[in-house]
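Note: hydrogens, waters and symmetry copies are ignored here, and every other heavy atom, side chains too, is used. Whatever order the structure lists ligands and atoms in, that order sets their numbers, starting from 1.
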Amino acid sequence: MKELVIIIRPEKLETVKEILDDVHCGGMTISSVMGCGTQKGFSEGVNEIKGFKTTINLLPKIRVEVVVHDKLVDELIAEIRDKVATGRVGDGKIFIRNIEDAVRIRTGDRGQKAI
Ligand SMILES: Nc1ncnc2c1ncn2[C@@H]1O[C@H](COP(=O)(O)OP(=O)(O)OP(=O)(O)O)[C@@H](O)[C@H]1O
Ligand SMILES: [Mg+2]
């Protein structure tokens, strides 16, 4: 199992939800976060904060966490890139981690049966 942590522009949330629904993922967790990438939050929309001096500008992003079967990972990455990339800086990132185990609390299901 792998967890994809997908950081996207807020306006791309519906698109990513649809992609995850299409592959019948067992669930997802969404958070509203602030972040920046290599441009430190500049040249990604708001370039100027008047009267406020800062070297790091945090922008609103959405964080999607989803745990999926290994075999879905490449397909999901391709779909997300295809539908979420705008070609402009700030499109976001996908972080991928190994998940050792999972438990469905109601039933006690473990591993892939639990996702
Ligand atoms: N190394 C990182 N660690 C944690 N979060 C990150 C990292 N890089 C990016 N993020 C998150 O992803 C969001 C979008 O990053 P962004 O797409 O701007 O990355 P980038 O490396 O600057 O790429 P680009 O040059 O295309 O803008 C950030 O606002 C932040 O929330
Ligand atoms: Mg960036």
Side-chain angles (χ1 to χ4, degrees):
M1 292 175 291
K2 295 273 191 294
E3 179 184 32
L4 303 189
V5 177
I6 309 158
I7 317 275
I8 50 167
R9 301 178 195 276
E11 63 266 29
K12 293 293 184 181
L13 176 58
E14 287 307 313
T15 305
V16 170
K17 277 163 61 184
E18 271 169 31
I19 292 169
L20 295 178
D21 192 27
D22 284 349
V23 299
H24 308 296
C25 76
M28 67 187 79
T29 302
I30 311 289
S31 332
S32 183
V33 295
M34 302 288 283
C36 68
T38 48
Q39 293 82 17
K40 297 185 176 180
F42 288 91
S43 308
E44 296 185 18
V46 185
N47 279 315
E48 204 179 317
I49 303 176
K50 287 208 171 74
F52 191 80
K53 211 171 177 188
T54 177
T55 53
I56 298 266
N57 185 34
L58 298 174
L59 297 173
K61 299 284 172 183
I62 294 286
R63 174 186 165 112
V64 180
E65 294 160 76
V66 60
V67 177
V68 295
H69 296 147
D70 289 9
K71 60 178 197 280
L72 283 178
V73 170
D74 289 341
E75 177 187 341
L76 280 173
I77 291 170
E79 273 288 291
I80 291 165
R81 285 211 59 228
D82 186 46
K83 304 224 167 84
V84 168
T86 65
R88 288 177 286 119
V89 297
D91 275 345
K93 287 206 178 143
I94 305 172
F95 299 105
I96 301 146
R97 356 187 220 226
N98 285 314
I99 293 292
E100 277 184 25
D101 205 353
V103 180
R104 177 175 286 111
I105 291 174
R106 176 176 57 87
T107 57
D109 287 341
R110 298 290 292 259
Q112 302 212 345
K113 281 172 73 182
I115 62 171

Point to revise | Sub-4.0 Å heavy-atom approach of Asp91 to ligand 1 | key: yes
Review point. Distance from Ile62 atom CD1 to Glu14 atom CD, nearest 0.5 Å?
Key: 10.0 Å
Practice item. Return yes or no for this condition: an N or O of Thr38 is under 3.5 Å from an N or O of ligand 1. Key: yes
Review point. Is the shortest heavy-atom distance from the side chain of Asp91 to the side chain of Lys12 under 4.5 Å?
Key: no
Practice item. Number the atoms of ligand 1 from 1 as they appear, then name those within less than 4.0 Å of a heavy atom of Ile7, with their elements. Key: 11 (C), 12 (O), 13 (C), 31 (O)
Review point. Hey, which atoms in ligand 1 end up nearer than 4.0 Å to a heavy atom of Cys36?
Key: 9 (C), 10 (N), 28 (C), 29 (O), 30 (C), 31 (O)
Exercise for review: Report yes if some heavy atom in the side chain of Ile96 is under 4.5 Å from a heavy atom in the side chain of Ile77; otherwise report no.
Suggested key: yes
Exercise for review: For the residue pair Leu4 and Val64, establish whether any side-chain heavy-atom pair is separated by less than 4.5 Å.
Suggested key: no
Review point. Would you say Val89 and ligand 1 have an N/O pair spaced under 3.5 Å apart?
Key: no
**Study point:** Side chain Ser31, main chain Val33, donor-acceptor under 3.5 Å
**Key:** no
Check your understanding: From the Mg ion (ligand 2) out to just under 2.8 Å, does an N/O/S atom of Thr38 turn up?
Key -> no
Check your understanding: Is any side-chain heavy atom of Asn98 closer than 4.5 Å to a side-chain heavy atom of Lys2?
Key -> yes
Point to revise | ligand 1 N/O within reach of Arg88 N/O, cut-off under 3.5 Å | key: no
Check your understanding: Is it the case that more than 12 heavy atoms not belonging to Arg104 sit under 6.0 Å from its CZ atom?
Key -> yes
Check your understanding: With a cut-off of 4.0 Å, which atoms of ligand 1 are near a heavy atom of Gly92?
Key -> 14 (C), 17 (O)
**Study point:** Option of least heavy-atom distance to atom 27 (O) of ligand 1 (set: Gly37, Gly41, Gly90)
**Key:** Gly90
